[in-house]
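Following: one structure in structure tokens, then a few remarks.
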Amino acid sequence: MLDTTVTSDALNDRNTRLKRTHEREMESMSKQRPRQLTRQEHRREEERRREDERRRAARARRVTIISIIAVGVLAVAVLVYFVIAQGQTPANAAYPPIDNVSCQSTEQGGTHIHAHVTMYVNGTKTALPANIGIAPDSSCLYWLHTHDDTGVIHIEAPEGVSVTFGNFLHIWEQRFQQLGYPSQLSGATGWQVYVNGKPFSGDFRTIPLHSHTLITLAYNSPGVQPDTNYNWNGL
């Protein structure tokens with residue numbers, strides 16, 4: 001009987017120790033679990049922080065790129081405005097723009113072409129005077145001008161500018177009439193007009209001035225032979 005009791009007590013003690021060991025293990029695990037969750041949260045927080053930094057850096061790069069583009073566009077706009085303003089600002093106030101053709105201190109190099117005019121008035125060949133479109137003090141010259149009395153019109157204008165014979169006549173009439181502007185040019189009747197040797201029936205002021213355009217004007221001058229060629233001498 002005694003042996004059975006001893007054995008039972010030993011078994012109870014063993015079970016008690018096992019139970020306590022299990023409780024300690026469970027308690028240890030319960031204490032460790034919050035710490036593991038805290039480390040996971042820390043990693044997630046670190047990942048969020050890095051993602052926020054990447055986003056801020058990306059926004060900063062976009063702002064920098066946009067700022068550079070805006071500054072470049074503004075610089076181009078200012079340059080274009082300066083060029084246009086300079087092109088429209090007369091070098092000599094006595095010679096303002098005519099038909100949007102400016103009188104500037106230097107020749108324009110964008111378009112550099114030449115046309116030629118032969119004119120007859122009442123049967124007499126009448127030369128185009130020299131220096132039409134050039135200020136007497138040489139302070140400026142219009143994009144359309146003459147350097148001599150050969151009849152050659154020099155067109156030295158910004159790139160893309162289109163001009164007509166009427167633009168040249170307006171410059172001659174409005175600012176250089178003292179250079180023998182024929183009053184007959186102010187009328188539309190009495191003229192026979194030829195362009196590159198062919199009759200022109202429209203308003204001669206609308207004739208476009210292209211490279212080596214040949215214009216023949218005859219007022220009250222029947223039998224005039226129109227120009228079909230001209231020795232440009234390299235012009």
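Reckoned from all heavy atoms, side chains included, excluding hydrogens, waters and symmetry mates.
- Between Arg43 and Glu46, no side-chain nitrogen of the basic residue sits less than 4.0 Å from a carboxylate oxygen of the acidic one, so the salt-bridge criterion is not met.
- Remark: side-chain polar atoms of Ser221 are paired, donor with acceptor, to backbone N or O of Tyr219 under 3.5 angstrom.
- By the salt bridge (charged side-chain N to carboxylate O under 4.0 Å, His left out) test, Glu47 pairs with no residue at all, sequence neighbours left out.
- Cluster partners of Val224, by chain and number: Tyr120. The rule joins Ile, Leu, Val, Met, Phe, Trp and Tyr whenever side-chain heavy atoms lie under 4.5 Å apart.
- Ion pairing between Arg49 and Glu45 fails under the 4.0 Å rule for side-chain N and carboxylate O.
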Output a table of donor-acceptor pairs, distance under 3.5 Å, between side-chain atoms of residues 122-135 and any protein atom two or more places apart or on a different chain; print 'none' if there are none.
unit_1	atom_1	unit_2	atom_2	d
Asn122	OD1	Asn220	ND2	3.1
Thr126	OG1	Thr124	O	3.2

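- Between Pro182 and Trp172 the shortest side-chain heavy-atom distance falls below 4.5 Å.
- By the 30° and 60° cut-offs, the orientation of the rings of Phe168 relative to Phe165 is parallel.
- The side-chain hydrogen bond (donor to acceptor under 3.5 Å, both in side chains) test with Asn92 singles out one residue from Ser105, Ser138, Ser139, and that residue is Ser139.
- Residues satisfying the salt bridge (charged side-chain N to carboxylate O under 4.0 Å, His left out) test with Arg59, not counting sequence neighbours, are none.
- Looking at Ile153 and Ile215, their side chains never come closer than 4.5 Å, going by heavy atoms from C-beta outward.
- Residue pairs that meet the side-chain hydrogen bond (donor to acceptor under 3.5 Å, both in side chains) test with at least one member in residues 192-201, sequence neighbours left out, do not exist here.
- There is a path of hydrophobic side-chain contacts, each under 4.5 Å, that joins Ile171 to Met119.
- Centroid-to-centroid, the aromatic rings of Tyr95 and Phe176 come within less than 6.0 Å.
- Side-chain contact check for Leu185 versus Phe204: some heavy-atom pair is nearer than 4.5 Å.
- Leu235 and Val163 fall into different hydrophobic clusters, where Ile, Leu, Val, Met, Phe, Trp and Tyr side chains are chained together by heavy-atom contacts under 4.5 Å.
- Pairs engaging residues 150-170 under the side-chain hydrogen bond (donor to acceptor under 3.5 Å, both in side chains) rule: Asp99-Asn167, Asp99-His170, His112-Glu156, His114-His154, Asp148-Thr150, Thr164-Asn167 [sequence neighbours left out].
- In this structure a side-chain-to-backbone donor-acceptor pair under 3.5 Å is missing from Thr216 to Thr118.
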